[in-house]
Enquirer: 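Here's a structure for you.
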Amino acid sequence: MKRSVVYLLFTLFSANVYSQSIAPDGDFDADIVGWHCGSVNPVWRSDEGSGLSGNGSLQISRENFISNGGELGGGTCDWVDVTPMNDYKFDGFFKLPTDSEFENISIDYYWFTEAEDFISVDSLTIPTNSVTRDVWTSFELTKTAPMDATKLAISLTFQFYANGQNEVSAFLLWDDLYLSNFIDEIFTNGFEQITKTY
């Protein structure tokens with residue numbers, strides 16, 4: 001039996017922390033403008049959302065895909081300007097449907113110079129066998145921008161089993177995607193609500 005428990009956590013926030021949406025409509029209440037999804041099928045789901053904002057979400061999928069291992073690109077955000085050596089937290093929610101067949105969820109930070117030369121990539125890998133299916137699950141990833149980084153793109157990808165030629169269908173929903181920039185050490189008090197489902 002699933003139970004939802006709401007925690008109110010007392011937290012510290014930087015006075016000069018600001019949150020900006022990765023997409024112009026980061027809660028996807030109206031559309032999925034700000035994301036390009038070349039090798040998957042992006043769909044705006046008007047009837048499915050995390051519950052923190054409205055009902056909208058971004059669904060990426062690849063049906064009847066012949067998998068031979070490796071990674072398949074998913075949603076990628078438009079460029080975000082960053083400051084070298086600042087800390088950036090990307091967080092939000094995803095939902096993994098029961099009939100989705102792939103091994104890992106990968107969230108990648110791609111850092112670039114002002115001239116759009118690639119510098120490096122930082123990744124968070126979430127095994128699908130560790131995720132509760134059909135439930136909105138929160139995530140966060142905080143990384144420091146490299147010395148020469150002034151641009152950032154965030155990519156959401158599927159990683160497939162490397163066990164031969166298998167036909168699979170992969171589906172994943174994303175919602176309330178935000179990027180926060182931590183730029184100093186002056187703190188103020190705040191509250192954060194986190195809901196976990198068991």
Side-chain angles (χ1 to χ4, degrees), residues 9 11-14 16-28 32 34-40 42 50 52 57-62 67 69-96 100 102-131 136-162 170 172-185 187 192 194:
L9 301 180
T11 58
L12 295 175
F13 291 101
S14 168
N16 287 334
V17 168
Y18 66 89
S19 292
Q20 67 181 101
S21 171
I22 293 295
D25 182 11
D27 52 22
F28 302 121
I32 55 174
W35 289 83
H36 45 279
C37 309
S39 57
V40 296
S50 72
L52 289 188
S57 62
L58 165 67
Q59 176 181 293
I60 56 176
S61 63
R62 187 65 183 268
S67 169
E71 186 171 281
L72 181 66
T76 303
C77 74
D78 288 345
W79 291 114
V80 176
D81 293 328
V82 296
T83 302
M85 305 309 293
N86 278 13
D87 292 332
Y88 291 88
K89 182 180 77 169
F90 179 51
D91 63 341
F93 292 84
F94 64 84
K95 181 187 280 191
L96 178 66
S100 191
F102 65 104
E103 188 173 12
N104 295 311
I105 300 165
S106 183
I107 302 167
D108 303 305
Y109 279 43
Y110 286 92
W111 304 103
F112 295 84
T113 66
E114 184 65 30
E116 299 182 6
D117 295 321
F118 173 73
I119 298 173
S120 61
V121 58
D122 290 314
S123 300
L124 171 65
T125 300
I126 305 171
T128 55
N129 63 10
S130 69
V131 175
W136 284 103
T137 303
S138 62
F139 73 89
E140 68 175 55
L141 176 63
T142 301
K143 293 294 181 179
T144 303
M147 181 68 70
D148 297 325
T150 61
K151 293 184 180 294
L152 167 65
I154 293 179
S155 180
L156 313 171
T157 60
F158 304 113
Q159 292 180 350
F160 290 96
Y161 299 96
L172 198 56
L173 284 77
W174 298 89
D175 198 11
D176 295 308
L177 304 180
Y178 294 98
L179 185 70
S180 302
N181 178 15
F182 298 83
I183 59 177
D184 65 22
E185 297 182 352
F187 295 99
E192 181 179 16
I194 299 175

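Just so it is clear, the values below take in all heavy atoms, side chains as well, and ignore hydrogens, waters and symmetry mates. As the structure is a computational prediction, the values presented were derived from the model and not from experiment.
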Enquirer: Which value, rounded to the nearest 0.5 Å, describes the distance between Glu140 atom CD and Ser180 atom OG?
Expert: 9.5 Å
Enquirer: Looking only at heavy atoms, what is the nearest atom pair of Gln59 and Leu173, with distance?
Expert: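 For Gln59 versus Leu173, the nearest heavy atoms are OE1-CD1, 3.8 Å.
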Enquirer: Under 4.5 Å between any side-chain heavy atoms of Leu96 and Thr137, yes or no?
Expert: no
Enquirer: When you compare the side chains of Ser106 and Asp108, does any donor N or O come within less than 3.5 Å of an acceptor on the partner?
Expert: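 A pair is found: one side chain offers a donor N or O, the other an acceptor, under 3.5 Å apart.
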Enquirer: Are side-chain heavy atoms of Asp175 and Leu58 found at a separation under 4.5 Å?
Expert: no
Enquirer: Report yes if some heavy atom in the side chain of Leu124 is under 4.5 Å from a heavy atom in the side chain of Tyr109; otherwise report no.
Expert: no
Enquirer: Which heavy atom in Val82 sits nearest to a heavy atom in Tyr88, and how many Å separate them?
Expert: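 Heavy atoms of Val82 and Tyr88 come nearest at CA-OH, 3.3 Å.
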Enquirer: Tell me which one of Phe93, Phe90, Tyr178 satisfies ring-ring contact (aromatic ring centres under 6.0 Å, His included) with Phe139.
Expert: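 Exactly one pass, corresponding to Phe90.
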Enquirer: What's the shortest heavy-atom distance between Pro127 and Thr125, and which atoms?
Expert: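 Heavy-atom minimum between the residues: CD-O, 3.8 Å.
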Enquirer: Start with the C-alpha gap between Ile154 and Leu177, add the side-chain angles, then the distance that decides, and say whether side-chain contact (heavy atoms from CB on, under 4.5 Å) holds.
Expert: CA-CA 10 Å; Ile154 293 179; Leu177 304 180; over 6 Å; no
Enquirer: Could you tell me which residues satisfy side chain to side chain donor-acceptor pair (under 3.5 Å) with Glu116, sequence neighbours excluded, listed by chain and number?
Expert: none
Enquirer: In Å and rounded to the nearest 0.5 Å, what is the CG to CG distance from Asn86 to Leu152?
Expert: 12.0 Å
Enquirer: Any donor-acceptor pair under 3.5 Å linking the side chain of Thr128 with the backbone of Glu103?
Expert: yes
Enquirer: Rounded to the nearest 0.5 Å, what separation is found between the CZ atom of Phe112 and the OG atom of Ser120?
Expert: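 That separation rounds to 9.5 Å.
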Enquirer: Hey, what do you get for CG (Leu156) to CG (Leu172), rounding to the nearest 0.5 Å?
Expert: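 With rounding to 0.5 Å, CG (Leu156) is 8.0 Å from CG (Leu172).
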Enquirer: Using 0.5 Å steps for rounding, measure from the CG atom of Asp122 to the CG atom of Leu141.
Expert: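 The CG atom of Asp122 sits 7.5 Å away from the CG atom of Leu141.
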Enquirer: Are any of the side-chain heavy atoms of Asp91 and Ser138 separated by less than 4.5 Å?
Expert: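 Counting from C-beta outward, Asp91 and Ser138 never come under 4.5 Å.
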Enquirer: Is there a donor-acceptor pair closer than 3.5 Å between any side-chain N or O of Thr113 and the backbone N or O of Asp148?
Expert: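 No, because the side chain of Thr113 does not come within donor-acceptor range (under 3.5 Å) of the backbone of Asp148.
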Enquirer: Quick test of your reading of the model: are Lys151 and Asp81 salt-bridged, counting only N-O distances below 4.0 Å?
Expert: yes
Enquirer: Does any part of the side chain of Val131, heavy atoms only, come nearer than 4.5 Å to the side chain of Phe94, both counted from C-beta?
Expert: yes
Enquirer: Could you check whether any side-chain heavy atom of Lys143 comes within less than 4.5 Å of a side-chain heavy atom of Trp111, counting everything from C-beta outward?
Expert: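 SC-SC contact between Lys143 and Trp111 confirmed.
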Enquirer: Measure the spacing between CG of Asp176 and CZ of Phe28 and express it to the nearest 0.5 Å.
Expert: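 With rounding to 0.5 Å, CG (Asp176) is 8.5 Å from CZ (Phe28).
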Enquirer: Which pair of non-hydrogen atoms, one from Trp136 and one from Ser57, has the smallest distance, and what is that distance?
Expert: CH2-CB, 3.9 Å
Enquirer: Sort out for me which residue in Thr144, Thr142, Asn181 forms a side chain to side chain donor-acceptor pair (under 3.5 Å) with Asp87.
Expert: Thr144
